[in-house]
Number of protein chains: 2
Amino acid sequence: MRPKLEDVAKRANVSKTTVSRVLNNRGYLSQETITRVYQAMKELNYQPNIVARQLYQKKTQLIGLLFPTIANPFFGELSAELEKRLYNEGFKVLIGNSMNDPKKEADYLNQLLSKQVDGLIVGTHNQGIKEYNYEHLPVVAIDRNMNQDIPVIESDNYAGGVLATTYLIEQGAKKIIHTNGPITLDSPTKRRRLAYEDTMRQHGLTPITVTLDFNIPYHEKKQILTQIFYDHPDLEAIFASNDIDAALIMQIALELGKKLPADLLLVGYDGTKVIQNILPNLTTIVQPIEAIAQTAVDVLKARLNDRPTESEYVLPVSLKKGTT
Amino acid sequence: MRPKLEDVAKRANVSKTTVSRVLNNRGYLSQETITRVYQAMKELNYQPNIVARQLYQKKTQLIGLLFPTIANPFFGELSAELEKRLYNEGFKVLIGNSMNDPKKEADYLNQLLSKQVDGLIVGTHNQGIKEYNYEHLPVVAIDRNMNQDIPVIESDNYAGGVLATTYLIEQGAKKIIHTNGPITLDSPTKRRRLAYEDTMRQHGLTPITVTLDFNIPYHEKKQILTQIFYDHPDLEAIFASNDIDAALIMQIALELGKKLPADLLLVGYDGTKVIQNILPNLTTIVQPIEAIAQTAVDVLKARLNDRPTESEYVLPVSLKKGTT
DNA sequence: TTGTAGGCGTTATCAT
DNA sequence: ATGATAACGCCTACAA
């Protein structure tokens, strides 16, 4: 059997209270008692039961992270940064990859309501659960508008779109195509598209956005992207809404015998460390993952301590110039 | 205040026991009572407190995952696969990125001993904690020999090394260099190196392994790799012990004006989905991430139920032929 | 400086 | 078919 406080108490000839005090460094203790208690704990190989403590304290020191999937480098790196910071604040991290499954999302949200976690950092759509009143719940959203009551942390997607488009125009490109996901409500990439289209028009250019559905298989996506080059032989540049698509476009361009940047200018989006390592030449809009993580943690802490927060935090993006 | 069982009981004019029974579908209940209780739960917006339940059940249904960092695509994808499977088995996942910090590793191991988690899947070195007796603890290691008592799941690193080297030799290369991390005790990449060196010798070729320290900065690494081309102008092929290094080598070769595969053959290692997407042409040894995850979960379940397990599970790797 | 007793919210045993 | 009660292991008023 696992020893409990009581067992330690008996062996040290003191009460449970005293052992608890030794354990938590509270109140007055004689040095002798302290030594005896530690001795007993060691002999019994005692480990306090965290769950019992959590029940009493009504806190778990656990924060739930809910993202589509940490297999995606953006969410993987973000989760790692969040975990690091939360750990330093005394929290551990419970992770959920929703895979866009509303049932799973609801289940993880439920963790919060069941007091399994003290707070939640959410980066999914949570389609079905909007009706819940989150007003005083310690929840923070990243790049998603869940609900008016939930503060949102996001990088400046509109500015990113402007930055990318302006850069391409400055490089002399006129025929610039943008690839983006389907127009979903309030998705962050939607603002990148908007910025692209606005910027193009402001420069008297015609925006052309090619839609890539999120869930289409690799080969179909490649097919659609390849088609772009045939449909637009005078194409000068592409602004892709994420680096994975940019990588694929790079690939296709090379296969078609095009040289970057001579025959095609290319700008991606996200700028994760992984991609920066693997494709150091790719010009891309870099999201400030560390700042996002830090802000999310700060805001969550504010919510946990009933301090007021802004309802929105917009962080600046930057252009990383590669050779594409 | 959060309502508890007792509040629901009062409102429904029944006892706590009855409410608990309704909640857990146990024993005999009249339909009328069931309805009344559900009604009361709804009115009070009742959510059971998981922690209290955990205390009684002495189980948390939480599994800890301990890896260097999920920001690395291999661990990110592996963690995602593990989470998916554990979730389907009714577990949630607590994640720790040890960042090779022994203190943090020890802390997360402690979660297990404090009953915060029911089991642990570990992919870190856990240097300082070997002395602990894990004999009956539900711990599974991935690619790491922690301790004789802990079952290890790993892909066949030696076979992977043979596969890569043999492939390069079959393609006609004779001067083949291998890049690998420092020789640490029992690291999985060590067996890749061993296989490379054995295979080279078996074919009458001289193995040359270039050591890349794990923590050196990007530019220094690039420097070392670039140097290889100058030191070995007759170089025909490189077998890199991971895809990130392979990507960098690819990069350098292109910068030096070399064409792959004409001027250089290149094989990487890991074959994560991310890399397969971004560098579809890279020839690489693919680790069976899904099978590793499934095996780890199966073995952990066995340990949790006191069923016997093997002490080692070796899963097959495969060669993905690209154009490098 | 140390101990007693009650509570954290749930579940299960044993009655009724 | 339902209820009273004790337990899970810890922590803290309050008392001594």
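We name chains A, B, ... by the order of the sequence lines, and we start the count at 1 in each one.
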Do the charged groups of A/D107 and B/K92 touch, with an N to O distance under 4.0 Å? yes
5′-ward residue of the pair B/I34/A/I50 relative to DNA chain D: B/I34
Side-chain (A/S20) to main-chain (A/K16) donor-acceptor, under 3.5 angstrom: no
Proximity to the side chain of A/S15 - top-ranked nucleotide from C/dT4, D/dC11, C/dT10: C/dT4
side-chain hydrogen bond (donor to acceptor under 3.5 Å, both in side chains), that's the test. Do A/Q39 and A/E43 meet it? Break it down for me. CA-CA 6 Å; A/Q39 178 65 24; A/E43 285 169 16; 2.6 Å; yes
Look at the side chain of B/T33 and decide which nucleotide, out of C/dT11, D/dA1, D/dC8, has an atom nearest to it. D/dA1
Would you mind telling me which of A/R144, A/K104, A/M99, A/E105 makes a side-chain contact (heavy atoms from CB on, under 4.5 Å) with A/T124? A/E105
Base, sugar-phosphate alone, or nothing: which one does B/K16 contact when heavy atoms must sit under 4.0 Å apart? base
Can you say whether a donor on the side chain of B/R21 sits under 3.5 Å from an acceptor on the base of D/dG3, or the other way round? yes
Mind checking B/L55 for me? I need base, sugar-phosphate or nothing, with any heavy atom below 4.0 Å counting as a touch. base
Which of D/dT2, C/dG3, D/dG9 is nearest the side chain of A/V14? It is C/dG3
What contact category does B/T18 fall into here, base, sugar-phosphate, or nothing, at under 4.0 angstrom with non-hydrogen atoms? sugar-phosphate
Value in whole Å for how far the P atom of C/dT10 lies from CD of A/Q54: 15 Å
Taking the side chain of B/R53 as heavy atoms from C-beta outward, which of C/dT11, C/dG9, C/dT1 is closest to it? C/dT11
Select one nucleotide: of D/dC11, D/dC8, D/dT2, the one nearest the side-chain heavy atoms of B/Y28. D/dT2
